Amino acid sequence: MKLQVTVLPGDGIGPEVTRQAVAVLQTVADVCGHDFQFESHRIGGTAIEQDGTPLPERTLSACLASDAVLLGAVGARKYDHCTGAMRPEAGLLALRQALGGYANLRPVQAYDAIADCSPLREDVIRGANILIVRELLGGLYFAQPRALDQDGLSAYNTMRYSVEEIERVAHVAFREARTRRKHVTSVDKANVLETSQLWRRTVTETAKQYPDVKLEHALVDSFAMQMITTPARYDVVLTENLFGDILSDEASVICGSLGMLASASIGGPVALYEPVHGSAPDIAGRGVANPFGAIQSAALLLRYSAGLIEEAEKIQESVQRTLARGLVTADLAGRRKRLPSGTDAVGEAVVETVADLLRSQMAYHAV
Ligand code: IPM
Ligand code: MG
């Protein structure tokens with residue numbers, strides 16, 4: 001299998017965690033005899049610095065010419081005061097739009113090995129395994145008009161959705177549900193917003209094509225509470241862009257750290273894989289960032305962009321085993337007060353484990 005991957009380390013802890021994710025992918029390639037090519041490019045604050053724009057033309061064309069894009073994080077304190085197109089985040093949003101992945105998959109699960117890292121009770125999170133399907137290219141993030149008024153005294157954004165935008169992401173949610181527990185919870189604010197009324201009607205209509213999948217609707221405010229009080233009750237959670245952004249950070253509490261979460265943005269010509277966490281400038285450059293979110297994003301890349309399901313599963317298993325050994329970064333010290341390891345040590349443990357697992361599987365197939 002040949003795969004051209006564009007790597008966008010980005011800002012803050014992005015480069016540190018991405019390096020580990022690439023090492024894991026390279027190991028999979030070496031052991032299984034795949035040919036993965038990696039090419040790095042700039043995005044975000046790093047790109048503003050060197051190229052004068054958060055998404056340089058060269059970066060974008062490299063991404064569009066590759067099979068998949070693996071991104072670290074964007075955002076730097078230096079640009080906090082900037083607005084509009086000169087924010088590092090604007091580069092990421094422009095990239096998402098250009099790559100066309102409208103369905104952002106964010107799996108969240110409670111890992112037994114680190115159950116003590118969640119502030120929630122173990123019996124509350126046990127068995128939780130949620131797939132958030134966040135609409136990524138519409139709603140308040142992209143719709144026009146939007147502006148800060150000239151006098152600086154008011155500002156506005158537009159929430160807009162079309163039936164087509166809702167349908168296409170709903171299909172992804174229903175298809176994913178078919179591979180899981182066949183349950184979709186669609187989250188909206190239909191008691192107040194017209195966009196949500198359209199959302200609810202369209203999702204209900206789309207569901208008719210999936211009679212084997214159970215659909216329920218929930219209002220975002222009460223859902224935010226339910227998800228955290230009874231997380232094991234949910235399977236696939238389908239929602240619009242901003243609600244999905246907020247709910248996915250909240251959901252990270254279930255698994256113990258935002259640093260664990262991975263994401264895949266699919267549906268467009270080139271899929272984009274990125275951990276859910278940000279650039280974390282406060283800990284950048286210290287070698288303490290959690291690489292599991294980036295590594296699990298690499299697993300999603302193999303699953304969705306290369307169809308290498310077994311390899312992806314071996315990466316997941318290696319993450320679980322590394323957690324079980326107590327080899328974790330400082331954010332996962334937990335109530336058991338584990339001694340923290342650095343980013344590189346955690347990454348290397350995953351690399352070694354995945355190599356072992358893949359080799360023994362190949363030996364098994366050979367006999
Ligand atoms: C995320 C992030 C981004 C978003 C930011 C960095 C633009 O919070 O991926 O969840 O809001 O989508
Ligand atoms: Mg977010």
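Remember, predicted model here, so these are calculated numbers, not experimental data. Computed over heavy atoms, backbone and side chain alike; hydrogens, waters and symmetry mates excluded.
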Asker: For a quick test of reading the model, state the closest non-hydrogen atom pair linking Tyr161 to Gly138 and the distance between them.
Answerer: OH-C, 3.5 Å

Asker: Under 6.0 Å from the ring centre and within 45 degrees of the ring axis: does the NZ or CZ of Arg126 meet both conditions for the six-membered ring of Tyr111?
Answerer: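 No, Arg126 does not sit over the ring of Tyr111.
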
Asker: Using a cut-off of 6.0 Å, state whether more than 12 heavy atoms not belonging to Asp112 lie near its atom CG.
Answerer: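 No - once you tally the heavy atoms of other residues, nucleotides and ligands closer than 6.0 Å, there are 12 at most.
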
Asker: Count the heavy atoms belonging to other residues, nucleotides or ligands that lie under 6.0 Å from CZ of Arg58, then report whether that count exceeds 12.
Answerer: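 No - once you tally the heavy atoms of other residues, nucleotides and ligands closer than 6.0 Å, there are 12 at most.
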
Asker: Is there a side-chain contact between Ile48 and Pro88, using heavy atoms and a 4.5 Å cut-off?
Answerer: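 Side chain of Ile48 against side chain of Pro88, heavy atoms only: contact under 4.5 Å found.
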
Asker: Say you draw a straight line from NZ of Lys314 to CD of Glu310; how long is it, rounded to the nearest 0.5 Å?
Answerer: 6.0 Å

Asker: Quick one, Thr206 with Phe174, criterion side chain to side chain contact (heavy atoms under 4.5 Å, CB included). Give me CA distance, side-chain angles, the key distance, then yes/no.
Answerer: CA-CA 9 Å; Thr206 310; Phe174 286 113; 4.2 Å; yes

Asker: Keeping the roles fixed (side chain from Thr59, backbone from His41), state whether a donor-acceptor pair exists under 3.5 Å.
Answerer: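 No; zero donor-acceptor contacts below 3.5 Å.
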
Asker: Please determine whether salt bridge (Lys or Arg N to Asp or Glu O under 4.0 Å) holds for the pair Arg233 and Glu216, giving the CA-CA distance in whole Å, both sets of side-chain angles, and the decisive distance to 0.1 Å.
Answerer: CA-CA 12 Å; Arg233 204 185 150 278; Glu216 68 173 336; 3.1 Å; yes

Asker: Is it the case that atom OH in Tyr364 sees more than 12 heavy atoms from other parts of the structure closer than 6.0 Å?
Answerer: no

Asker: Please lay out, stage by stage, how Thr204 and His217 fare under the test side chain to side chain donor-acceptor pair (under 3.5 Å).
Answerer: CA-CA 9 Å; Thr204 304; His217 299 280; 3.0 Å; yes

Asker: Which is it for Val108 and Ser252 under the side chain to side chain contact (heavy atoms under 4.5 Å, CB included) test, yes or no, and what are the steps along the way?
Answerer: CA-CA 7 Å; Val108 182; Ser252 74; over 6 Å; no

Asker: Are a donor atom and an acceptor atom from the side chains of Asp51 and Thr53 found within less than 3.5 Å of each other?
Answerer: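 Judged by distance alone, the side chains do not pair up.
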
Asker: Verify the ring-centre separation between Tyr234 and Phe223: is it less than 6.0 angstrom?
Answerer: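 Yes - the distance between ring centres of Phe223 and Tyr234 falls below the 6.0 Å cut-off.
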
Asker: Would you call Arg359 and Val31 a side-chain contact if the rule is heavy atoms closer than 4.5 Å?
Answerer: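 Yes. Closest side-chain heavy atoms under 4.5 Å.
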
Asker: Knowing that exactly one of Thr202, Thr195, Val203 qualifies, which makes a side chain to side chain contact (heavy atoms under 4.5 Å, CB included) with Trp199?
Answerer: Val203

Asker: Counting only heavy atoms from other residues, nucleotides and ligands, does the tally under 6.0 Å from CD of Gln150 exceed 12?
Answerer: no

Asker: Would you name the heavy atoms of Ala177 and Asp235 that are closest together and state the gap between them?
Answerer: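 Taking Ala177 first and Asp235 second, the nearest heavy atoms are O-OD2, 4.4 Å.
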
Asker: Under the criterion side chain to side chain donor-acceptor pair (under 3.5 Å), I'd like the reasoning laid out for Arg106 against Ser248: C-alpha separation, chi angles, the key distance, then a yes or no.
Answerer: CA-CA 7 Å; Arg106 301 187 157 186; Ser248 55; 2.8 Å; yes

Asker: Hey, does Asp188 have a side-chain heavy atom less than 4.5 Å from the side chain of Val220?
Answerer: no

Asker: Before you tell me yes or no, could you show the steps for Arg96 and Glu274 under salt bridge (Lys or Arg N to Asp or Glu O under 4.0 Å), namely the whole-Å CA-CA distance, both residues' side-chain angles and the distance that decides it to 0.1 Å?
Answerer: CA-CA 11 Å; Arg96 285 177 179 170; Glu274 45 175 323; 3.2 Å; yes

Asker: Do Tyr141 and Asp245 come close enough that some side-chain heavy atom pair is under 4.5 Å?
Answerer: yes

Asker: From the options His34, Glu311, Met1, select the one residue that forms a side chain to side chain contact (heavy atoms under 4.5 Å, CB included) with Leu302.
Answerer: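 Between Leu302 and the candidates, side chain to side chain contact (heavy atoms under 4.5 Å, CB included) is satisfied uniquely by Glu311.
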
Asker: Grouping I, L, V, M, F, W and Y whenever their side-chain heavy atoms are under 4.5 Å apart, do Val5 and Ile309 come out in a common cluster?
Answerer: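 No, because Val5 and Ile309 fall into different hydrophobic clusters, even though each may have its own neighbours under 4.5 Å.
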
Asker: Looking only at side-chain N and O atoms, does Glu165 offer a donor or acceptor that is under 3.5 Å from a partner on Ser162?
Answerer: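 Note: Ser162 and Glu165 side chains meet the donor-acceptor criterion.
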
Asker: Are more than 12 heavy atoms from other residues, nucleotides or ligands located less than 6.0 Å from atom CZ of Arg168?
Answerer: yes

Asker: Quick one: are Glu317 and Thr353 in side-chain contact, heavy atoms under 4.5 Å?
Answerer: no

Asker: So, do Leu301 and Leu3 sit near enough that their side-chain heavy atoms are less than 4.5 Å apart?
Answerer: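 Yes. Closest side-chain heavy atoms under 4.5 Å.
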
Asker: Go through the steps for Arg286 and Glu16 under the test salt bridge (Lys or Arg N to Asp or Glu O under 4.0 Å), then give the verdict.
Answerer: CA-CA 9 Å; Arg286 287 169 37 200; Glu16 301 163 51; over 6 Å; no

Asker: Should Ile254 and Met227 count as side-chain neighbours, where that means a heavy-atom distance under 4.5 Å?
Answerer: yes

Asker: Under the salt bridge (Lys or Arg N to Asp or Glu O under 4.0 Å) criterion, do Asp35 and Lys2 qualify, and how do the steps go?
Answerer: CA-CA 5 Å; Asp35 177 10; Lys2 250 182 110 121; 3.7 Å; yes

Asker: Is the Lys NZ or Arg CZ of Arg87 less than 6.0 Å from the centre of Tyr79's six-membered ring, within 45° of the axis?
Answerer: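 So Arg87 doesn't make the cation-pi contact.
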
Asker: Passes side chain to side chain contact (heavy atoms under 4.5 Å, CB included), Ser297 versus Leu70? Steps please.
Answerer: CA-CA 8 Å; Ser297 299; Leu70 182 66; 4.3 Å; yes

Asker: Determine the minimum heavy-atom distance between Arg178 and Gln209, stating which atoms define it.
Answerer: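 In terms of heavy atoms, the two residues are closest at NH2-O, 3.6 Å.
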
Asker: Any heavy-atom pair between the side chains of Val319 and Met260 that's under 4.5 Å?
Answerer: yes

Asker: What distance separates Gln296 CD from Arg303 CZ, expressed to the nearest 0.5 Å?
Answerer: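 Gln296 CD to Arg303 CZ: 11.0 Å, rounded to 0.5 Å.
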
